[in-house]
Each structure stands twice: as structure tokens, then as C-alpha cells.
Number of protein chains: 2
Amino acid sequence: MSAAVDTITVAVQRPHRADARRNFDALLTAARTAFAENGTEASLEDIARRAGVGIGTLYRNFPTRAVLIEAVYIDGAEDLVRAAAEVAGLPPWEALQRWLWRFVEYAATKKVLIEALNRESAMVRSCRDAFYNAGEPLLKRAQAAGEVRADTDIDDVMRLIAGVAGVTFPSAEQRQRVLAMAIDGLRLSRA
Amino acid sequence: MSAAVDTITVAVQRPHRADARRNFDALLTAARTAFAENGTEASLEDIARRAGVGIGTLYRNFPTRAVLIEAVYIDGAEDLVRAAAEVAGLPPWEALQRWLWRFVEYAATKKVLIEALNRESAMVRSCRDAFYNAGEPLLKRAQAAGEVRADTDIDDVMRLIAGVAGVTFPSAEQRQRVLAMAIDGLRLSRA
DNA sequence: CCTCAATGCGGAGGATGCCTCCGGTTCTAT
DNA sequence: ATAGAACCGGAGGCATCCTCCGCATTGAGG
């Protein structure tokens with residue numbers, strides 16, 4: 001499991017100087033908040049202001065918007081990867097379901113996830129690979145146990161869940177219900 | 001069915017003068033193309049250029065970006081509403097499924113749909129109401145026939161399908177497969 | 001403690017896009 | 001043919017993205 005975590009490569013280096021490190025962290029925090037509120041088109045000038053730094057500082061740390069998005073995206077990804085180990089001991093279907101709901105929670109805390117999933121970059125692929133490495137054993141186990149349809153793979157599943165998790169629902173209740181329906185779709189086979 | 005079509009109210013008036021009507025149509029066409037390529041953040045100046053008109057003309061016809069998005073969104077909506085009548089004679093599950101795949105096709109031709117579904121405006125509500133009026137009888141019929149889970153409604157279903165239809169898939173094959181899984185999720189009940 | 005080089009800073013300025021408004025043009029009803 | 005309502009394009013103001021430069025700060029080494 002530790003091996004899975006290590007595969008997430010880091011695109012941006014956290015600076016060496018203490019002041020720069022503080023600014024880096026402040027920018028990440030501000031970006032997380034701004035993206036959660038306004039999506040990934042949130043104004044970078046606004047993010048710099050929120051962090052209490054100049055726009056030059058933002059660009060020095062994150063040369064493009066995409067790099068900033070990815071940095072936010074990777075934040076917390078390790079926790080999700082580790083969560084797979086936490087549920088591994090449960091019965092197959094239960095384990096997979098629990099992990100998928102963790103994935104949905106992760107998605108809820110950052111709107112960038114859905115948009116990032118559609119991006120093609122080394123960093124995103126690295127994270128995606130890590131998620132897939134974490135979740136795939138759970139899926140295969142549930143398939144081997146005859147609890148999940150055989151005609152799907154981890155990429156299908158992640159895209160299905162991510163797509164639904166990205167919808168803005170009027171109520172948490174409905175969100176829960178519709179996501180449950182999507183997850184239930186994993187169970188049925190046309191056989 | 002004709003009553004359902006009539007409930008779609010029109011937010012923008014098509015102009016009276018011949019030249020203005022031509023420009024209006026050209027703008028709609030250009031917007032459809034630009035949105036399909038770049039999503040709803042596509043440059044309005046680019047759209048005006050594509051249509052061969054000045055930016056002032058774009059704003060005169062569509063006072064805000066939202067109005068333009070909605071105009072594109074409604075385009076073709078009537079066809080989808082009518083499609084419900086075309087499948088009504090089929091067996092319950094078949095009818096619903098056929099219509100949902102029509103919905104997916106409609107979504108594929110314009111990326112704006114997914115984003116529009118998350119917007120709150122009179123026009124969007126009007127279209128959504130029309131879709132729901134069209135699709136709901138099909139859903140209820142399939143539920144009455146015991147072919148669809150009882151714990152869902154047309155709003156759930158539309159959001160589920162729209163969410164998945166909005167994902168960018170690397171292949172049409174995968175898209176097909178994952179959407180089929182989502183639709184299969186309608187069938188299962190926890191009972 | 002001091003020095004100095006590497007690291008890091010903010011914001012002015014150029015480019016682009018959104019949006020408004022005004023002088024000029026075109027269309028159509030009479 | 002004419003008048004006036006409808007319509008036009010694009011300059012200009014504002015916001016945001018992004019770069020670059022003169023100045024400031026940090027921290028390692030002596």
C-alpha cells in the first residue's frame with residue numbers, strides 16, 4: 001500500500017525558504033477554497049489576494065493554472081489511496097462500496113476532481129493510476145465473488161461515479177439516492 | 001404531446017428584419033459549434049467572429065452569456081420531447097431505455113446541456129419541465145410494470161444520466177458501456 | 001556576528017476577452 | 001421615394017491572465 005502512495009509524483013516542489021514555504025501553503029489553501037466555491041475558473045488574482053501574496057508569487061510557485069489545479073487535486077489523494085487498505089478486510093461488495101463512497105466524499109470536498117479526471121497530464125495520470133491501483137483489487141475481488149458485473153473495469157467505475165458525483169444536486173438526500181443508483185448499476189449483469 | 005412542446009417558453013425573440021434574422025441564426029449556429037468544441041466558456045468574441053458579425057450584434061441579440069447558452073440549449077429540445085411519443089408504444093422498459101438513449105444523443109450534440117442542467121433560470125426550468133413531462137410517463141409505466149426501481153423519480157434519472165453523459169470518455173465504446181451501467185442502475189432495487 | 005549569493009517579492013504593463021455605447025447604415029411600411 | 005425604427009461595428013473602459021524587472025529577504029558558511 002505504501003508502494004501505491006509512492007507512485008504519486010509531485011509536479012511542484014515546495015520551496016526551501018521559510019517565507020516562500022509559507023506563501024506556497026497559503027496559496028494552496030486559498031486555491032482549494034476558491035476552486036470549491038467557483039470551480040477551476042476561479043480568478044488567480046483573487047486566489048493570490050486571498051493568500052495575501054502578489055500575483056507574481058502565485059505564478060512563481062504554480063507556473064500555469066493547470067499546475068495549480070493539479071496541486072490542489074493531489075492534496076488529499078494519498079488519504080483516498082490509503083482508505084483502500086482500511087476497507088480491504090470487509091466482505092467484497094461491502095469493501096468496494098465503502099471505498100467508492102470514500103471516493104465520493106473526496107470528490108465532494110473538491111470540485112476540481114471531476115474536471116481533473118478529464119485532463120491528460122502526467123500528474124493526473126499518476127494520481128489516477130494510484131486510485132486505480134488502490135481500487136482495482138477491491139473491484140476484482142467483488143467480481144471474483146460474483147457480486148459485481150464482469151463486463152466492467154476500474155476505469156469504467158471511476159468515470160461513472162465521478163460523473164454522477166459532479167452533478168449539482170438540490171439536496172444531499174437526492175445526491176445520496178442517485179449515487180446509490182449508480183453504484184447499484186455495478187451489480188447488474190445482462191446475463 | 002403538442003401540449004408538452006408548447007410549454008417551452010422562448011427567452012429571446014428572433015428579430016423582424018431580414019438582416020437581423022440572418023445574424024441571429026448565424027450566431028446560434030456559431031455558438032452551437034463553439035460550445036461543442038470548448039464548452040460554455042467559449043469566447044463570445046470568437047463566436048461573433050465565426051458568425052461574421054460584430055460583438056455588439058451578439059450582445060444585442062443575447063444580452064448575457066447565460067441567455068446565449070439557454071438559446072443553444074433549447075435548440076433541439078422539442079425533438080427530444082417529441083421522441084417520447086415515438087417510443088410510447090414499445091414495452092415499458094424498452095420505451096424508457098430508448099428515450100434515455102435519445103436523451104444521451106441529445107447531450108452528445110451539445111456539451112451545454114450538462115452545464116445547463118445545473119442552472120436555475122426560468123428557461124432552463126421550462127425545458128426541464130418539458131423533458132420531465134415527456135419522460136415521466138415512460139418512467140412511471142416501467143415502474144408500474146415492475147421493471148424499474150420504485151424509489152426514484154424522473155428528476156433522479158435525468159440527473160444520473162446527464163452526469164454520466166457529461167464525462168469525457170477516451171472511446172465511444174467505453175462511453176456506451178458506462179452509460180449502460182448507469183441505466184442498469186435503474187433496474188435494481190434493494191428490496 | 002557578518003557577508004553575500006541565491007531565492008524570492010510585488011506590481012506595472014502588455015495581451016486578451018467581456019461588455020457598453022454611439023455615430024452611422026439599412027430595412028421596411030406607408 | 002421617404003422617414004424612422006431597427007440594426008450595425010468596433011472603440012474604449014474594465015477585469016483577468018501572464019511576464020519581467022528592480023528591489024528585498026533569507027540562510028549557509030566563515
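To find a chain, count down the sequence lines: A is the first, B the second, and so on, and within it residues start at 1.
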In whole angstrom, what separates A/Arg21's CZ from D/dT25's P?
18 Å

Check: protein-nucleotides 2-6 of chain D nitrogen or oxygen pairs below 3.5 Å:
from, atom 1, to, atom 2, distance (Å)
D/dA6, N3, B/Arg17, NH1, 2.4

side-chain contact (heavy atoms from CB on, under 4.5 Å) partners for B/Ala95, two or more places apart:
B/Val87, B/Leu90, B/Leu138, B/Arg141

Hits for side-chain contact (heavy atoms from CB on, under 4.5 Å) against A/Ala88, two or more places apart or cross-chain, chain-then-number order -> none

Report the residues that fulfil side-chain hydrogen bond (donor to acceptor under 3.5 Å, both in side chains) with A/Arg49, sequence neighbours left out, ordered by chain and then residue number.
none

Has the side chain of B/Trp99 got a donor or acceptor atom that lies under 3.5 Å from a matching backbone atom of B/Ala85?
no

My understanding is that only residues two or more places apart in sequence, or in another chain, count here; which of them pass side-chain contact (heavy atoms from CB on, under 4.5 Å) with B/Ala18?
B/Arg21, B/Arg22

Please find the earliest and latest nucleotides of DNA chain C, in the 5' to 3' direction, that have an atom within less than 4.0 Å of any heavy atom of chain B.
C/dG17 to C/dT28

Mind checking salt bridge (Lys or Arg N to Asp or Glu O under 4.0 Å) for B/Glu86 and listing every partner two or more places apart, or none if nothing turns up?
B/Arg102

Sugar-phosphate or base contact per nucleotide [nucleotides 11-22 of chain D; S, B, -; heavy atom under 4.0 Å]
B----SBBB---

Going by the salt bridge (charged side-chain N to carboxylate O under 4.0 Å, His left out) test, which pairs reach into residues 88-97 of chain B, not counting sequence neighbours?
B/Glu94-B/Arg98

Would you say D/dC7 has OP1 or OP2 under 4.0 Å from some side-chain N or O of B/Asn23?
no

For B/Gln174, which residues count as a side-chain hydrogen bond (donor to acceptor under 3.5 Å, both in side chains) partner, sequence neighbours excluded?
A/Asp155, A/Asp156

Applying side-chain contact (heavy atoms from CB on, under 4.5 Å), name anything that partners B/Thr33, two or more places apart in sequence or on another chain.
B/Glu37, B/Arg50

Applying salt bridge (Lys or Arg N to Asp or Glu O under 4.0 Å), name anything that partners A/Asp79, two or more places apart in sequence or on another chain.
A/Arg82

